[in-house]
Amino acid sequence: PIQKTVSDFVGGRADLAAKIIRAIGNPEHRFAEDKLRLLRAVRFACTLDFEIEAETWTAVCTNAPKLQGVSAERIREEFTKIMLSPARVRGFDLLDESGLMRVILPEIEVLKGCEQPPQFHPEGDVWVHTRLMLSMLPKEVSLPLVLAVLFHDIAKPATFSFDETAKRIRFSGHEKLGAEMTEAILSRLRYPRKTIDETVEAVANHMAFKDVQHMRVARLKRFLARPTINDELALHKVDCQSSNGDLSNYEFLNRKIEEFSHEPLIPPPLLTGNDLM
């Protein structure tokens with residue numbers, strides 16, 4: 001400090017300038033000291049737009065299963081930072097390629113190869129659809145929204161069936177089972193109750209958007225008055241954009257929000273229990 005010089009014994013400044021993440025010394029030893037560093041390497045690569053040095057990356061992939069020994073709370077914090085980053089898709093890919101995703105969210109792994117009806121999902125299987133939705137989200141998103149994107153179709157593999165009469169793939173009730181699975185996953189990762197409830201609400205209701213143009217006015221107003229509606233609208237938008245591209249229900253709801261904006265969606269009751277007392 002007195003001479004205002006920097007002593008760098010590990011080449012850190014050069015790596016910073018070159019945007020490289022490198023373990024100091026033997027990567028195996030560094031990850032053995034704190035296994036959360038496996039996840040932090042991916043997080044820094046994602047949030048800082050750095051590359052992980054080859055030997056460090058090999059050690060991340062080799063040691064990925066050892067992340068199981070880290071507390072759920074510590075894993076949750078790193079995973080959340082990755083998913084809230086504007087570069088969340090790169091983080092998603094690195095988690096997948098390293099094998100860390102299989103440790104954190106084994107339920108996501110089975111989305112690979114889960115076929116969808118091509119007339120509604122020309123983009124590909126559920127994994128491709130989910131990844132594409134992540135790429136279409138704006139840079140700034142709420143945590144429940146990005147989690148709802150990850151888990152909205154989490155139950156499709158479990159509900160997969162082929163309708164011989166209609167000659168098409170179906171996923172009957174996947175939104176209901178998906179909501180239950182989402183609650184279990186987020187509880188396992190020790191997310192706050194509010195985050196769990198809002199994410200589960202979005203997953204449970206994401207199929208209801210196909211019926212909005214047939215809802216009676218009173219029901220539609222109740223649907224739009226829910227506190228999670230903004231995130232659900234955003235979820236529905238990227239769900240459509242990443243599949244059939246039909247935004248007619250999304251546009252219909254936005255017109256109705258504008259139409260209903262001049263009065264409360266749910267008017268205050270004329271009588272309350274206090275009045276009766």
Side-chain angles (χ1 to χ4, degrees), residues 83-84 86 88 116-117 119-123 126 129-156 168 170-180 182-183 186 192-276:
M83 287 296 105
L84 289 180
R88 62 186 64 89
Q116 302 187 97
Q119 63 270 43
F120 302 116
H121 288 279
E123 74 281 5
V126 183
H129 171 64
T130 302
R131 185 185 179 280
L132 194 54
M133 285 178 67
L134 285 175
S135 72
M136 291 178 168
L137 286 172
K139 289 183 178 181
E140 300 293 328
V141 294
S142 72
L143 182 55
L145 172 56
V146 74
L147 292 175
V149 167
L150 276 177
F151 301 132
H152 78 290
D153 281 345
I154 197 73
K156 276 191 171 179
R168 58 159 287 193
R170 295 192 183 278
F171 303 101
S172 301
H174 79 275
E175 68 277 20
K176 182 177 183 296
L177 179 59
E180 295 171 4
T182 298
E183 179 157 16
L186 296 183
R193 188 71 246 174
K194 185 174 185 293
T195 300
I196 295 174
D197 289 345
E198 291 179 3
T199 307
V200 168
E201 179 83 358
V203 172
N205 285 291
H206 81 275
M207 291 300 292
F209 282 78
K210 64 182 174 55
D211 302 319
V212 292
Q213 297 193 50
H214 306 293
M215 290 181 182
R216 292 193 295 181
V217 173
R219 185 185 172 197
L220 183 61
K221 284 185 174 182
R222 288 196 300 273
F223 186 78
L224 292 174
R226 293 173 304 117
T228 55
I229 190 61
N230 288 334
D231 277 349
E232 290 185 40
L233 274 169
L235 171 66
H236 176 68
K237 182 180 181 182
V238 293
D239 200 2
C240 295
Q241 288 175 323
S242 61
S243 53
N244 54 38
D246 182 3
L247 291 173
S248 57
N249 290 325
Y250 175 79
E251 292 164 352
F252 168 81
L253 287 173
N254 277 303
R255 289 196 301 271
K256 287 298 178 182
I257 289 170
E258 175 62 27
E259 180 184 325
F260 297 151
S261 65
H262 306 297
E263 58 184 27
L265 284 172
I266 300 178
L270 296 176
L271 287 173
T272 70
N274 287 332
D275 295 322
L276 295 176

side-chain contact (heavy atoms from CB on, under 4.5 Å) against [X], all qualifying residues, sequence neighbours excluded:
X: Q241; answer: M136, K237, V238, L247
X: R222; answer: A218, R219, I266
X: D246; answer: N244, S248
X: E140; answer: none

Q. Got a sec, which pairs hit side-chain hydrogen bond (donor to acceptor under 3.5 Å, both in side chains) with one end in residues 129-138, sequence neighbours left out?
A. D93-R131, E123-H129, H129-H152, H129-D239, H129-S242

Report yes if the side chains of [X] and [Y] come closer than 4.5 Å at any heavy-atom pair, otherwise no.
X: E198; Y: L145; answer: no
X: E201; Y: E232; answer: yes
X: V200; Y: I196; answer: yes
X: I154; Y: L177; answer: no

Enter the distance from [X]:[atom1] to [Y]:[atom2] here, rounded to the nearest 0.5 Å.
X: C240; Y: M133; atom1: SG; atom2: CE; result: 8.5 Å
X: I229; Y: F223; atom1: CD1; atom2: CZ; result: 4.5 Å
X: L147; Y: L235; atom1: CG; atom2: CG; result: 11.5 Å
X: T199; Y: L143; atom1: OG1; atom2: CG; result: 6.5 Å
X: M83; Y: R88; atom1: CE; atom2: CZ; result: 8.0 Å
X: D275; Y: L270; atom1: CG; atom2: CG; result: 9.5 Å

Q. In this structure, are over 12 heavy atoms from other groups packed under 6.0 Å from L276 atom CG?
A. yes

Going by the rule side-chain hydrogen bond (donor to acceptor under 3.5 Å, both in side chains), which residues pair with [X] if we only count those two or more places apart in sequence or in a different chain?
X: N274; answer: none
X: D197; answer: R193
X: S243; answer: none

Q: Carefully, step by step, assess E259 and K256 under the rule salt bridge (charged side-chain N to carboxylate O under 4.0 Å, His left out).
A: CA-CA 5 Å; E259 180 184 325; K256 287 298 178 182; 3.2 Å; yes

Q) Taking only residues two or more places apart in sequence or in another chain, which ones pass salt bridge (charged side-chain N to carboxylate O under 4.0 Å, His left out) with E180? A) K176

Q: Could you tell me which residues satisfy salt bridge (charged side-chain N to carboxylate O under 4.0 Å, His left out) with E175, sequence neighbours excluded, listed by chain and number?
A: none

Q | N/O donor-acceptor pair under 3.5 Å between D231 side chain and T228 backbone | A | no

Q: Please collect all ring-ring contact (aromatic ring centres under 6.0 Å, His included) contacts where either partner lies in residues 231-251, sequence neighbours excluded, each pair once.
A: F209-H236

Show me the side-chain donor-acceptor pairs of residues 210-217 shorter than 3.5 Å, one per line, residues at least two apart or across chains.
from : atom 1 : to   : atom 2 : distance (Å)
Q213 : NE2    : N249 : OD1    : 2.8

